[in-house]
Amino acid sequence: MSEYKPELIEPRWQEFWLKNKIFQTDDNDRHRPKYYVLDMFPYPSSSGLHVGHPEGYTATDIIARYKRMNGYNVLHPIGWDAFGLPAEQYAIKTGTHPRKTTIRNIDGFRRQLQSLGFSYDWDREVDTTDPAYYRWTQWIVLKMFEKGLAYEASVPVNWCPALGTVLANEEVIDGKSEVGGYPVERKPMRQWMLKITEYAERLLEDLEGLDWPESIKEMQRNWIGKSEGANALFRLKSDETAQIEVFTTRPDTLFGATYMVLAPEHTLVDRITTKAQKEAVAEYREMAARKSDLDRTDLNKDKTGVFTGAYAVNPVNGEEIPVWIADYVMMSYGTGAIMAVPGHDERDWEFARKYDLPIVEVVKGGNIEEEAYTDIEEGISVNSANDEISLNGLPVAEAKTQISKWLEEKGLGKYAVTYKLRDWLFSRQRYWGEPFPVIHVDGKPKPLPEDQLPVTLPEMDDFLPTKTGEPPLAKAGDWLQTTDPETGKPAVRETNTMPQWAGSCWYYLRYISPDYEQGPVDPEKEKYWMPVDLYVGGAEHAVLHLLYARFWHKVLYDIGVVSTREPFYRLVNQGMILGELEFTAYKDNSGNYVHPEESGKGEDLERIKLTEKEVEKKGDKFVIRGTGTPVDARSFKMSKSRGNVINPDDVVKQYGADSLRLYEMFMGPLEQVKPWSMQGVEGVYRFLKRVWRLFIDEESGEPVAQIMSAAEAEPDRVHLKLLHEAIKKVTEDIEGHRFNTAISALMIFTNEAMKWDSRPVVVLRPFVLLLSPFAPHLAEELWSVLGKIDGKGEATLANEPWPEYDEACLKDDTKIYAVQVNGKVRGQIEVPADKAAVKDFVLEVARNDTGVQRHLSNGKVVKEIFVPNRVINFVVK
RNA sequence: GCGAGAGUGGUGAAAUUGGUAGACACGCUAGAUUUAGGAUCUAGUGCCGAAAGGCUUGGGGGUUCGAGUCCCCCCUCUCGUACCA
């Protein structure tokens, strides 16, 4: 071998690592500190890896390799979140059993991941579709039944006829299914729910201690949506027995409540509606029921509603106020009813304007003729007094406390907290998911005893749901009919299955003891390994996966299965990788290039893709070269339809896994969104070739003559300075996840070392170790080359200690100062290091610099700034 | 609308506490070696200018001897969210 040929090097080392189980984690070694570094659970899709996967995986692999070399016992596993809709839909289309597809896809993913040289412990693979795994998923759900955290409910769900299943709110985007984009409608169905709301407060509170991106924490906080306020009771004018309870965050505006609104689905509506209004109300309710959530929000500019004919009494001032129904009030939030304060709530203001309802000012500070005044900092209560209490003159916060106290004393209301978070709709009408460990006896659901687990999926060849929306499992006759193991009574199995989230809620625990038989995780090992020290994945899981997993973890904590309150101590989101930068010009019907925005008829324009050479930059935009016609210059999300998808396999084939890994890390900061560039891959590939030539003579294929063993040549100060600078920079940058600048430090070392006539092994060896987390195949290869030269070193560098830098080697003989005059750099001076901190000496040298002198002669020096080892500034007047 | 984040060369980006802006890489220009090369090496490359010099981190103000970095106002983009009372 002569040139750098990754296709020859890489498979050899991958096989070596695998065969010798180099990265197998030793569970019983409790002396070393542990480090658990985790990638987000991949779904093994049929299309294989995309370049986004290796981004996070490379980052965690670098950390894992680095931590091992630093003496940590590292847990770095991978597995498969393999239940899910695509395999089932493929089965419906082709008749191929989902298990078959799943196995094939997993094999594909495993092959791809291994071809990238990731240092996973392959003996810990887990697969959510394996009964040995989902046995414990079912077990956890069983525990939830026991704790009363799972219940059945008939809820209007997002029924997608095309997919034949119910979708969670978060799987519906703009009224269409996230998968496939099919229309979704509302339909009431029997469902399993999990009481995540019971954990709302803890899920919110425990965010505090987590080292997560602030944006993700904020999204979770918003999702949980805690509001503090009061519940207040309004009695009805005509019906002494009925009361309307409302939730408000602004009890201080109670005197300004001029009407009330119930959600159309509110149970009181039938009871309070007057005869005269019955028809109008019924009509409105029917219309509202037909609307999906999307339609409701879509129409949010034009609020609608109907008067019920009933009046309620405002408890603070005895005013009789009309009760309306309107779909801008949601049954699922708060109490499903509001007191409307149009003076100080935008929505109520709009509604009141439209239906000509009175608007009263009770907080001074704005102009309620123009818009609702919602400020809570400056506003002062007015018009808010009765015989017993007056809020007048109080700021909002104080008014809130006063009125809440009063309401409570009177039994008219009390302090209340409401969350946006809803219970988790936990069942799906699908085949390819975990069956529930539940049977129905005498029409009632009953959890199975633990020893009946796992409840395995029945073999089927028809995966279509029934026409009524009953899950496919309803067709599994033999499986469906069973007996209650306790009573022997005939029983029917639950036919819903769990959503895909279930398996991914606790997989990080199974990795710890994948073969443990007595529970989901070996408690002793759990105590050693948990929590996860570093969790890396895409921001698309910011809310759902991370919230669900935190919820399950807390349940497991409560029943003593895990020892930590939170599963993931530190979270990092990798930024999305976009396609290559694209230049697009637009032509109109007559074939003239136009500006897309100025033309104002964007839909008729023809899009022309231009190359980099066909455009130039003018001002702050790109134009067609030689003309003034602007073009769009943008990178887009990779997608099949756009044709800008990069397949990692192709990159590996052309440049090798090390180049792919290196490029993905060199592109920019891990967390940032960044566009792909094939030329950038070329760049790092050239770097690796240069590294190769630092060691190997391309003509002969032998090590270069410049390499000196320890016996032949001592490293000199220049060698050591360069090396130790690299060690310092690379070490600190890996610790701070600044992989791009770490690579740049490796490049600087290589560029300099290439010029050396003598390349001492004792300098090259640490360099190879620094390179190894980034480009492990090349590093192993070069390590073995060095081993042949001086007969030292192990067969693999994976367990070598990480190099440490020596401060003494970093010292310079001289220091360089920038010399400024009035803040502008006018010269540069070099002074001996031992005198660099001597102010008078350095200033004298600076004054004598010819370039500086010229600028000093213009006036009088009034001030001299001296920043040791950096800069001097003369202020001249 | 609201919330969060980000704007630095032709491009991806550096600049860890306020101290020489543009490291490293891509691209480009010239040259060398060369049958050729998407190979390698050398030199150059923020902008304006012949040079001296001036200008420059989205725009405008401010603090400071000194601002990409701190403060105020504005603009643009990305992501999230959507009647949550």
Side-chain angles (χ1 to χ4, degrees), chain A residues 3 213-219 221-223 225-227 229 246-250 253 261 293 296-301 303 326-330 332-341 345-348 350-351 418-422 539-540 542-543 575-576 581 612-613 615-617 620 622 633-634 663 666-669 671-684 686-687 689-690 693 698 732-733 736 738 740-748 751 754 816-828 862-876:
Chain A
E3 285 165 41
E214 198 43 51
S215 62
I216 302 288
K217 289 206 217 177
E218 196 57 29
M219 282 163 76
R221 281 188 205 111
N222 291 341
W223 193 265
K226 181 178 183 176
S227 295
V246 301
F247 172 73
T248 176
T249 56
R250 294 291 305 276
T253 61
V261 185
D293 275 356
R296 279 205 188 186
T297 54
D298 232 19
L299 297 171
N300 76 36
K301 279 184 196 93
K303 293 189 173 36
D327 65 5
Y328 83 90
V329 172
M330 304 285 154
S332 49
Y333 182 77
T335 60
I338 61 158
M339 62 176 209
V341 186
D345 181 284
E346 281 164 22
R347 296 150 300 179
D348 298 344
E350 241 176 80
F351 192 80
T418 297
Y419 301 91
K420 274 196 247 179
L421 185 69
R422 315 287 159 79
E540 65 273 20
V543 175
M576 204 194 324
L581 181 63
E612 213 182 323
K613 303 230 154 143
V615 300
E616 61 182 335
K617 188 129 184 194
D620 58 355
F622 280 92
R634 270 195 61 184
Y663 174 64
F666 189 59
M667 291 173 89
E671 305 83 355
Q672 199 165 299
V673 176
K674 41 210 175 263
W676 186 266
S677 157
M678 258 328 175
Q679 280 176 332
V681 184
E682 289 266 2
V684 294
R686 288 209 283 260
F687 162 66
K689 282 202 289 191
R690 230 172 318 135
R693 290 198 310 273
E698 285 193 308
E732 289 174 356
D733 283 351
R738 294 180 297 269
N740 53 332
T741 50
I743 292 167
S744 141
L746 294 169
M747 288 172 167
I748 291 169
N751 292 347
M754 280 299 265
I816 290 170
Y817 275 86
V819 186
Q820 301 178 337
V821 178
N822 289 341
K824 292 206 165 127
V825 180
R826 297 301 182 180
Q828 214 178 56
V862 294
K863 202 169 180 183
E864 295 168 336
I865 309 285
F866 177 74
V867 183
N869 298 327
R870 289 194 185 271
V871 76
I872 293 151
N873 191 7
F874 294 110
V875 184
V876 174

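For the numbers below, each heavy atom of this structure counts, side chains included, while hydrogens, waters and symmetry mates do not. Proteins come first, then strands; the chains are lettered A, B, ... in the order of their sequence lines, and each starts at number 1.
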[N], OP1 or OP2 - any side-chain N/O from [X] closer than 4.0 Å?
X: A/S227; N: B/A85; answer: yes
X: A/N222; N: B/A4; answer: no
X: A/K863; N: B/C65; answer: yes
X: A/R826; N: B/G53; answer: no
X: A/R870; N: B/C65; answer: no
X: A/K824; N: B/G53; answer: no
X: A/R686; N: B/C26; answer: yes
X: A/N822; N: B/G66; answer: no
X: A/Q672; N: B/A13; answer: yes

For [X], answer base if it contacts any base atom (sugar-phosphate contacts may also be present), sugar-phosphate if it contacts only those atoms, and nothing otherwise; contact means non-hydrogen atoms under 4.0 Å.
X: A/I748; answer: sugar-phosphate
X: A/S215; answer: sugar-phosphate
X: A/R690; answer: sugar-phosphate
X: A/N751; answer: sugar-phosphate
X: A/Q828; answer: base
X: A/P669; answer: sugar-phosphate
X: A/V875; answer: sugar-phosphate
X: A/F874; answer: nothing

Send over the distance from [X] [atom1] to [N] [atom2], rounded to a whole Å.
X: A/L581; N: B/G27; atom1: CG; atom2: P; result: 15 Å
X: A/R634; N: B/C79; atom1: CZ; atom2: P; result: 8 Å
X: A/L746; N: B/A23; atom1: CG; atom2: C1'; result: 14 Å
X: A/K674; N: B/C79; atom1: NZ; atom2: C1'; result: 14 Å
X: A/Q820; N: B/U20; atom1: CD; atom2: P; result: 8 Å
X: A/Q679; N: B/G38; atom1: CD; atom2: P; result: 12 Å
X: A/M754; N: B/C41; atom1: CE; atom2: P; result: 6 Å
X: A/Y328; N: B/A82; atom1: OH; atom2: C1'; result: 17 Å

The side chain of [X] is closest to which nucleotide in this list: [options]?
X: A/V825; options: B/A15, B/A21, B/A4; value: B/A21
X: A/V871; options: B/C65, B/A85, B/G19; value: B/G19
X: A/E218; options: B/A4, B/U16, B/A13; value: B/A4
X: A/E682; options: B/G19, B/G38, B/A25; value: B/G38
X: A/I816; options: B/U16, B/A25, B/U20; value: B/U20
X: A/K689; options: B/A85, B/U40, B/G12; value: B/U40
X: A/D327; options: B/C24, B/C83, B/C41; value: B/C83

Quiz item: Is B/G9 syn or is it anti, if syn means the base angle is within 90 degrees of 0?
Solution: syn
Quiz item: How close do A/M339 and A/R250 get, heavy atom to heavy atom, and via which atoms?
Solution: CE-O, 3.7 Å
Quiz item: Between A/R422 and A/S332, what is the shortest heavy-atom contact and its length?
Solution: NH1-OG, 2.9 Å
Residue matched to [N] through Watson-Crick or wobble contacts both under 3.5 angstrom:
N: B/C2; answer: B/G80
N: B/A50; answer: none
N: B/C28; answer: B/G44

Practice problem: Spell out, as yes or no, whether a donor-acceptor pair under 3.5 Å connects the side chain of A/Y663 to the backbone of A/W676. | Solution: no
Practice problem: In plain terms, say whether A/R221 and A/E214 are close enough for a salt bridge, that is, a side-chain N and a carboxylate O under 4.0 Å apart. | Solution: yes
